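Input: a single structure, listed below in C-alpha cells.
Worth saying up front: this structure is predicted, and the values here are computed from it rather than measured. All values below were derived from every heavy atom in this structure, side-chain atoms included, with hydrogens, water molecules and symmetry-related copies excluded. Proteins get letters first, then strands, A, B, ... in listed order; numbering begins at 1 in each.
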There are 2 protein chains.
Amino acid sequence: MSIAQSARGAPESSSRRAILDTAARLLRSGGYHQTTLREVAEAVGIRKASLYYHFASKEEIVEAVANDGVRFVHDAVSQALDDTADAPPRKRLEAAIAAHLTALHGHGDYTSASIKAFSFGAIPAPDSVRRIRRAYEEVWRGLIAEMQAAGILSPERSAETLRYFLLGALNGSIDWQRPGRFDATELAREFTALIAPHNDGVKP
Amino acid sequence: MSIAQSARGAPESSSRRAILDTAARLLRSGGYHQTTLREVAEAVGIRKASLYYHFASKEEIVEAVANDGVRFVHDAVSQALDDTADAPPRKRLEAAIAAHLTALHGHGDYTSASIKAFSFGAIPAPDSVRRIRRAYEEVWRGLIAEMQAAGILSPERSAETLRYFLLGALNGSIDWQRPGRFDATELAREFTALIAPHNDGVKP
DNA sequence: CCTACCGATCGGTAGG
DNA sequence: CCTACCGATCGGTAGG
C-alpha cells in the first residue's frame, strides 16, 4: 500500500507513521486549525518538540497526510476500475463511486483528513497536494469520458461540470455520514442510478 | 430583506450590521478559525473590545452571520419558486437551483460564510443555526417530492439521498468557482439536466 | 527524542 | 465605544 511508504520508497520510521496516523485522525475530526501539534504529540506519546525531529513544520505534517490521503483514494478507485475492467460500464462507474466513498468513510482517516483540511479553502493547498490531486482527477476525467462514449452519461452534458458535480456530492457525504448506518455499496448504487438512470423501459 | 433586520424585527444599529457584513466577508474567505476579531474590528474601524458592546462572543457573531446566510438563501429560493408557481416543474427546479447558486456566489457573503463555517464540522453548529437550516431543508424536501410526483425525478430514488446529493454538489461549487466566469443560470441549466434529463425522444 | 523556553497572537475582561 | 490589560495557547527554537 502506498501509504506505508514515502513517495520515493525510502524506508520510513514507525514513529513517523505513528505521527501521521494520529495527525490524520485528528485532522479528520477537527480540521487544520483545530488540530494542534500538542494534541498530536500527546496522542502519540511523545513531547511536542520531538515532532520537529521528524517534520519541519505543522504544514509539512498536514501535507504528508493529505498526499497519502489522495493517493489512498486514487489507488482504491484505480483498483476498483481494474477489477471491473470487463464489467458493463455502469458497473464500473458504480464500483468507482463505491471505492471513493469507502476511502472517505472507511477506517482510514487520511482521505477525509485531506478533504477537510483543504476544502472550502480552509488552508491553501501546497503544490504537492495540488499535483497529486490533479492526478486523481484524471481518473475521473477518463471514467466520465468513457461513460459518455458508452452512452451511460449524456454526451451533451459538460464533462467538467459532471465531474465537479459528482465529486462535490460524494465528498459532501462527509457531512451527513452516520458512522454506523453507512453502506457504501448501497449509496453507490443510489448515486449511480441518480446520474446514470437505467432505461429499462419504465418510460416509453 | 430579512438580513436588514434582526429575527424579532427589533431595530438594528448600523454598527451592528457593519460588524456582521465585515465578519461575513472575512468568514467567507477564511472560515471560522482564520477569522479573528481583531481583523473584523480593524476592517470596521473600531477597537476589538468594542465588538463586545454589540456581541457577547465570537460565537455569537458567527451565529448571527450564519443565520442570516441561511435565511438569505432560503428567501431567495422561496421567491424563485413563487415566481415560477405556474411554470413547468423542471423550470421550477432549475429556478431553485439558480437561486441557491446565486445566493452562494452573488455579492452577499453571508450564505457562503455560513457554509464555510459549519461544513465538514469545522465548528459545531449552534442550535439556532441548525433550526434555521432545517427550515430551509424543508423547502428542498417539498420541491423534490413535487418533482418526483411530476415524474421529473424518479420516484424510485431515495428523496433524502437526492437532497443530500444535490445540495452537496451545489455547495461544493464554492470550491471551484472562478470569480469572473460564474454564470448561475447556465450552471443551473446544466445541473438540472444532469439529475432530471429531458426525455425528448433522444432515446427510443 | 527530551527539558526548557519564547515571541506572537488569540478571545475576552475591567473600568470607564 | 475607548485604553489597558490578561491568561491561555499557539507553532516553533535552543541546546543537549
Notebook entry, point to check: Rounded to the nearest Å, what distance is computed from the NZ atom of residue Lys48(B) to the P atom of nucleotide dA4(D)?
Noted result: 14 Å
Notebook entry, point to check: Just how far, in rounded Å, is P of dC1(C) from CD of Glu42(A)?
Noted result: 16 Å
Check: Are any side-chain N or O atoms of Arg92(A) and backbone N or O atoms of Leu81(A), one a donor and one an acceptor, separated by less than 3.5 Å?
Finding: yes
Check: NA contact type, Glu59(A), heavy-atom cut-off 4.0 Å: base, sugar-phosphate, or nothing?
Finding: sugar-phosphate
Check: OP1, OP2 of dG12(D) versus side-chain N and O of Tyr52(A): anything below 4.0 Å?
Finding: yes
Item checked: Complementary nucleotide of dT13(D), counting Watson-Crick and G-U pairs under 3.5 Å -> dA4(C)
Notebook entry, point to check: How close or far is atom P of dC1(D) from atom CZ of Arg16(B), stated in whole angstroms?
Noted result: 13 Å
Check: Which whole-number value in Å describes the distance from Arg47(A) CZ to dA4(C) C1'?
Finding: 12 Å
Check: What's the CD-P distance between Glu60(B) and dT13(C), to the nearest Å?
Finding: 12 Å
Note to self: Please tell me whether Phe165(B) and Phe165(A) form a close aromatic pair, meaning their ring centres lie under 6.0 Å apart.
What the structure shows: yes
Note to self: Without decimals, in angstroms, what is the distance between Leu37(A) CG and dA8(D) C1'?
What the structure shows: 17 Å
Notebook entry, point to check: Is a side-chain donor-acceptor pair under 3.5 Å present for Asp75(B) with Gln79(B)?
Noted result: no
Notebook entry, point to check: Which residue lies toward the 5' end of DNA chain C, Ser50(A) or Arg38(A), if each is placed at its nearest nucleotide?
Noted result: Ser50(A)
Next item on the list: Look at the side-chain N and O atoms of His54(B) and state whether any lies under 4.0 Å from the OP1 or OP2 oxygen of dC1(D).
Entry: yes
Notebook entry, point to check: Between atom NZ in Lys58(A) and atom P in dG12(D), what is the gap in whole Å?
Noted result: 8 Å
Check: How are the rings of His100(B) and Trp140(B) set to each other: parallel, tilted or perpendicular (split at 30° and 60°)?
Finding: perpendicular
Next item on the list: Examine dC1(D): is either OP1 or OP2 under 4.0 Å from a nitrogen or oxygen in the side chain of Ser15(B)? Give yes or no.
Entry: yes
Check: Would you say the side chains of Glu63(A) and Ser128(A) form a donor-acceptor pair under 3.5 Å?
Finding: yes
Notebook entry, point to check: What integer distance in Å separates Phe55(A):CZ from dC1(C):C1'?
Noted result: 14 Å
